[in-house]
Amino acid sequence: MRIVADTDLCIGAGQCVLTEPEVFDQDDDGTVVVLVENPEGGQVDSAREAVKLCPAVALSLQE
């Protein structure tokens, strides 16, 4: 599984960071930064949840 972030769509809501702070962060403008592009183990389920919660649909998964 690979996480893809479209930073042009990101509105900086931070739901991804709140859901999985080891995988996502935000830059100084609040735009998503993917820290772990290919999560493994326990990060997989929380990364999937973060993608679902993104209000701007800026995150997607490639299986």
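Predicted model only: the values in this text are computed from it and were never measured. Each residue takes its place number in the sequence, starting with 1.
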Between [X] and [Y], is any pair of side-chain heavy atoms under 4.5 Å apart?
| X | Y | answer |
| --- | --- | --- |
| Leu59 | Val32 | yes |
| Gln62 | Val4 | yes |
| Ile3 | Val23 | yes |
| Ile11 | Pro55 | yes |

Worksheet item: If you take all heavy atoms of Pro39 and Met1, which pair is closest and at what distance?
Response: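 The pair with the smallest heavy-atom distance is CG-CE, 3.2 Å.
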Discussion item. Once side-chain hydrogen bond (donor to acceptor under 3.5 Å, both in side chains) is applied, do any residues pair with Glu22, and if so which ones, sequence neighbours excluded?
Written reply: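 Residues passing side-chain hydrogen bond (donor to acceptor under 3.5 Å, both in side chains) with Glu22: Gln43.
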Discussion item. Under the rule for side-chain hydrogen bond (donor to acceptor under 3.5 Å, both in side chains), what residues qualify as partners of Glu40, not counting sequence neighbours?
Written reply: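 Residues passing side-chain hydrogen bond (donor to acceptor under 3.5 Å, both in side chains) with Glu40: none at all.
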Practice prompt. Rounded to the nearest 0.5 Å, what's the gap from CZ on Arg2 to OG on Ser60? Could you check?
Written response: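 Answer for the CZ-OG pair, Arg2 versus Ser60, is 8.5 Å.
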Worksheet entry | Straight-line distance of Asp27 CG to Cys10 SG, nearest 0.5 Å |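 Taking CG in Asp27 and SG in Cys10, the distance rounds to 8.0 Å.
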Worksheet item: Checking Gln26 side chain against Val33 main chain: does a donor-acceptor pair fall under 3.5 Å?
Response: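 Not confirmed, Gln26 side chain does not pair with Val33 backbone.
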Fill in: Cluster link Val17 to Leu61, ILVMFWY, side chain under 4.5 Å
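Result: yes, single cluster for both.
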Worksheet entry | Pairing of Glu20 and Arg48 as salt bridge, 4.0 angstrom limit |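 Between Arg48 and Glu20 there is no salt bridge, as every charged N stays at least 4.0 Å from the carboxylate O atoms.
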Practice prompt. Carefully, step by step, assess Phe24 and Val34 under the rule side-chain contact (heavy atoms from CB on, under 4.5 Å).
Written response: CA-CA 5 Å; Phe24 300 99; Val34 178; 4.3 Å; yes
Worksheet entry | side chain to side chain donor-acceptor pair (under 3.5 Å) contacts in which one or both residues fall within residues 6-19, not counting sequence neighbours |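 Listed by first then second residue: nothing to list.
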